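One structure below.
Because the structure is predicted, anything quoted here is derived from the model rather than measured. Atoms considered below: every heavy atom in the structure, side chains included; atoms not considered: hydrogens, waters and symmetry mates. Chain letters run A, B, ... following the sequence lines, proteins first and then strands; every chain starts at 1.
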Amino acid sequence: MTEGQVPVEEYKTGNTEHKWDLKKIKNAHKILAEYSYKKREIQKGYANHTLYVNLSTGEIKEKKVTEEMKKKFTGGRGFGLKLLWDSIKPTTHWNSEENELIITTGPLCGVTQYPGSGKSLCLTISPSTDIICDSNVGGYFGPYLKFAGFDALEIQGKAKEDVIIVVDGEKGKITIETAPKEETDSHLLAEQLTYMYASEDTDKSRQKISVVSAGKGAEHSYWGCLNFSFFDIRRKVPRLKQAGRGGLGTVLRDKKIKAIVAKVEEFDGVANNPADPKILTRIGTKLHKEIRDLDRHQCNMRTVGTVHLVEIMDEYDLLPTENYRFGSFPKASKIYSPKFYELFTQVIPDGCWHGCTMACAKAVDAFTVMTGPYKEQKVTVDGPEYETCGCGSNMSMWDPLWILEFNFYCDTYGLDTISTGTAIAFYMEMYEYGILNKERCNGLELCFGNADATLELMHRIAKGDKGEFIQVAGKGIRRVKDWLIKKGWGDSQLINDCGMESKGLEYSEYVTKESLAMQGGYGLTLKGPQHDEAWLIFMDMVNNAIPTFEDKAEALHYFPMWRTWFGLNGLCKLPWNDVEPANNAETDDPSKVPEHVQNYVEYQNAVTGWNVDKEELILQSERCYNWQRAMNVWLGRGRRKDDWIPYRSMGPVTELEYNSRKERYDKQLMEQLGLSEGEVEKMNTEEKIKLLYDYRQDRYQKLADAVYYRRGWTPNGVPTPQKMKQLGMDNPKMIKMLQQKINEDEKAGLNVWGGRYNKGKKPPSNDHKYWEKW
Amino acid sequence: MSLEVNGRTVDWVENETVKQLLKRVKYTFPLVVVKINDKVVPRKDFSESIVPDNSKIAVIHMIGGG
C-alpha cells in the first residue's frame, strides 16, 4: 500500500444501497444469438482478431487482423476507420441500419507498467455531425475486450427489443441477450450487470467485469455518451468514465443496446505479451517516479484531477462564462480546485486503469442528490473534470454542489456534459435577448444562473417530454439555431454568431477569441470543436511562440498528430505533457517534452517488436488522420465550408463583450489594423465590432489556407491523391473518389484560397493545382 | 528602459526579480520555463534573479490543456 491509501476492507462510501433480485432479472433474458470462439493469447499487443456483431441478423463472427491492416492503420481509432470504410456507405446516416458503433483498443492498451494505458477509442457516424465521430474513454472495457481476444468490437444493425451483448472472455463466448427488466440509467445498470455477471460473489470477481451503457437521456437527445465502467475495489462501486462527444450513446440506444458487458479471467502485467518487457518496465518505472515526485509541484492532477485548470483559465481570461461572452468572472473562485478538493474523497488511488500513477479520475462519495428521480439518494459522482466545471461557469452556475448534481445526472442519463452545458448556455443567452422566453421554452425560465430550470430541462429531456422546445433542445445548438431562424424569432446573424457549434458539435470549454491557432484547433478538425486534436492557446496567445500563419499551421499539423497517435495506440494524453521531467526546461523544445516523445518510441517498439523512430510515429498518425478526412469527403463533407466556426469563437459579437475588454480591442484596431488613436476614438462600438469582424474572419480563412497547404490538401480542404499515395494510403477506390471530388470542386470554382491577399501578401502557393507537382 | 516579454514590450523596473516580473505581467501559472536572453533561469532562482534592462524574456507556459 502507498502513503495515505485506505485498506480495501475499511472504506465505506456511505452511498444508498440497492437490493435487486438479480436472478429474476437475469431469468427474464432470452438468448437471441450466441457464438463460441477459441481463446488465445495476445501477441505483442494485438489480439489479431476483431469481433463483428450484427443485431439485425444475429450474425456474430471474427475477422482476422492482417499485417497490412497494422501497417496502415496501426490499431485503435485507425482500426475503427478501416472497419467503418469496409461497412458503411456515403449515404449512411447515424440512424441507418448499416451505421456501426465500434469500440477499439490499440496495441499499447491494457499495459499496466506505463501510466495512462487503458484507453478505448469509440467511433460511429454521429447524430450531431453526420460524419465520423471518435471519442476516447478510460475504464476497463477496452483492455478487457482485448484480453477476451479482440482488438475491436464492431456492432452493426438494430435489435428489435432492448438487448445486452456479452463478451465472455472466461468462457470464450459471445451472446446477444434480451434485457427487459434491467434499469436504463447507467449508475444503476452498471451495478446490476457487474453483480449479475461476476463469476463469484467477491469484489475481485466483480473487478473482472466492465459495462458499457448509456441512460435515458441518450435515448431522447443527440448528446448521448457511452459510460464505461470500472469496479473500484475500495469503494465497491462500479464507477463510470465517458466517451462523451458526438452522440455515441444515442447510437447505442438507437440500436436498442442497453449495455455491452466484457468479462475476463485472471490477467497480469504482461497480458499484452510485449516483445521486450524489460524496456517497458524501465521506461514505465521512470515515468511513475516522475509523476509521483513532480506532479504535486506541477499540475497536481493526483490530488484534484483536471479541475486544476479552472483557476488557470479564469486568470488568463479563458474560462467560458455566459456562453463564451467572457473569459473570467468575479464569482469564478467559488469553483476553483480547492473547493472540489474539499469534496473529493482523497484517500483512495483514482486511476481509471491499473498502473496509472496519474490517477486523475476523482470522485465524490455519498453525494446527496438534490432533484429528479434519484432525489435524496446518496451516490458516487465521478469527477467533475475541468470541462464539466467549465460548463458550470458557461451557464453562470457557481455552486460546486450544483456542478456535482449536473455531473451526476449527465453521466447516469448518458448525456455528454460538454454538449449539454454548452448548448444550454447558448439557450440562456437567447433567453436573455428575448429570442427565447418562458412560453417558447415550454415553461422553463432558462436564464443564466437558473440552476433549477437547467436540471428540469435535463430531467424532461431524459423522460422524453414532447414539448417542442424540449424536443429540439436535446438535438443541440445547430438544430435549435435552425429552429429559431425558421420561427423568425431573432436576427439570424446574431443567432449564428452566438451558437457555439461547428460541424454540428458543441464547443468544449475554452475561450478562443485571442488565439487564432486555437480557433483552428477547434475548426480545422476532423470531428468538430473538441480540444483533443490540438490545444494551442498558451503556445499561441501567451507564449507567442507561433506568430505567423505558417508557424500556426505547423503546430496544427504536429500536435494533432500526437493526439491522434494516442488514439491509435490506446493511450491517455495526460502523461505526455501534463507532467514534465525535472530537466525539461533545458531541452531544445520543452513544449514537445522530448523525453516523453522518446518514451513513446521505445514504448511502441517494446510492445510490438517494431523498430520505429519518432518520425514514423507521426507518419502512423498522418495516415489515419488523412484517411478520416478523406472519409468525411466521401460522406459529402470535409470541405472549407464545413470548417466554418461561429464568430463568438473569433471575437466580440456584442457591444457588451467589446466594452468589457475595450482597451484590448481598441489597441488591436490600432496595432493590427493600423488605425490612429483619433480614428478609433471617433468610432462607435458597432463600427469597431464590424471592423474587427471582417479582419478576424479573414485571418481565420488565411489560417485555413496555410493549414490545408501544410497538410497536403487542396485549397478547399480535400486530401490530395498525391498526399495519400505518399503516405501509402493508396486504396484505388479512395484515390478515385478524391480525384472526382477535386474535379467537382474545380468545376464549381472552389479550388481557390479563402484569404484576401493584398499589399504584397502571398497565399501559400501561387501554383494552381500545386499538388499535381508533388 | 524596457524589456521584451514573449515578444511584447514591457517597462523595465530596477531590481525586479523574475518572480516579481511574472506577477506584474500576470503570468500566474506555476509551470513556466523562463529564459533571459536565451539562458534558462532555474525555477528555484526566480526569487533572486534580477531582470536586466533591455533583455529578451521568454516565459514558456508548460501546459498541455484538455
Side-chain angles (χ1 to χ4, degrees), chain A residues 294-295 297-301 306 308-309 311-318 385-387 390 418 508-510 518 521 530-547 559 562-563 573-580 582-587 589-593 596 671, chain B:
Chain A
L294 301 178
D295 172 69
H297 308 296
Q298 297 182 6
C299 292
N300 207 21
M301 292 262 195
T306 58
H308 79 96
L309 287 167
E311 45 267 39
I312 297 164
M313 295 306 136
D314 184 45
E315 283 165 10
Y316 283 81
D317 207 21
L318 299 166
E385 295 198 40
Y386 163 74
E387 300 293 337
I418 296 175
S508 67
E509 309 307 317
Y510 299 97
M518 192 61 218
Q530 168 70 351
H531 52 277
D532 66 353
E533 275 207 17
W535 195 91
L536 302 172
I537 299 183
F538 272 70
M539 182 182 281
D540 187 30
M541 183 185 101
V542 185
N543 300 347
N544 202 16
I546 42 175
F559 287 93
W562 273 106
R563 304 245 184 171
K573 166 261 169 195
L574 295 178
W576 169 41
N577 62 1
D578 286 80
V579 64
E580 58 164 22
N583 64 350
N584 190 50
E586 292 147 30
T587 59
D589 199 347
S591 65
K592 291 179 179 170
V593 200
H596 291 179
E671 290 180 355
Chain B
M1 305 287 272
S2 65
L3 307 167
E4 189 186 305
V5 181
N6 285 356
R8 297 170 187 104
T9 306
V10 171
D11 289 340
W12 175 70
V13 174
E14 197 175 356
N15 288 327
E16 188 176 44
T17 64
V18 169
K19 189 178 175 184
Q20 287 164 335
L21 171 68
L22 293 176
K23 192 175 176 192
R24 180 159 64 93
V25 297
K26 294 184 179 168
Y27 285 171
T28 53
F29 182 58
L31 192 55
V32 291
V33 173
V34 175
K35 290 181 180 178
I36 299 181
N37 298 325
D38 286 330
K39 199 173 167 196
V40 173
V41 181
R43 263 177 221 145
K44 64 179 174 50
D45 296 342
F46 282 6
S47 305
E48 286 85 38
S49 291
I50 303 294
V51 180
D53 189 14
N54 289 318
S55 48
K56 193 176 170 184
I57 322 280
V59 185
I60 306 164
H61 290 61
M62 291 304 302
I63 180 167

Inset, instruction - Sort and list the pairs that fulfil salt bridge (charged side-chain N to carboxylate O under 4.0 Å, His left out) and have at least one residue in residues 36-60 of chain B, not counting sequence neighbours. - result: A:Glu580-B:Arg43
Legend entry - A:Phe559 portion near chain B, given a 4.5 angstrom heavy-atom threshold: neither
Inset, instruction - Return the minimal non-hydrogen interatomic distance between B:Thr28 and A:Tyr316, and the atom names on each side. - result: N-OH, 3.0 Å
Legend entry - chain A-proximal positions within residues 4-20 of chain B [heavy-atom distance under 4.5 Å]: B:Asn6, B:Gly7, B:Arg8
Inset, instruction - Flag the one option from B:Val40, B:Ile60, B:Val59, B:Val34 with the top tally of heavy-atom pairs under 4.5 Å to chain A. - result: B:Ile60
Inset, instruction - List for me each residue that meets side chain to side chain contact (heavy atoms under 4.5 Å, CB included) alongside A:Gln530, sequence neighbours excluded, and say none if there are none. - result: A:Arg245, A:Ile418, A:Ser508, A:Lys527, A:Asp532
Legend entry - Pairwise distance CD(A:Glu315) to OH(B:Tyr27) - rounded to 0.5 angstrom: 13.5 Å
Inset, instruction - Counting only heavy atoms closer than 4.5 Å, note whether A:Met541 contacts chain B via side chain, backbone, both or neither. - result: backbone
Legend entry - Top contributor to chain B contacts, counting heavy-atom pairs under 4.5 Å, from A:Asn544, A:Val593, A:Asn584: A:Asn544
Inset, instruction - Applying side chain to side chain contact (heavy atoms under 4.5 Å, CB included), name anything that partners B:Ser55, two or more places apart in sequence or on another chain. - result: B:Leu3, B:Ile36, B:Asn37, B:Val51, B:Pro52, B:Ile57
Legend entry - Rounded distance [0.5 Å steps], CG in B:Leu31 versus CG in A:Asn300: 12.0 Å
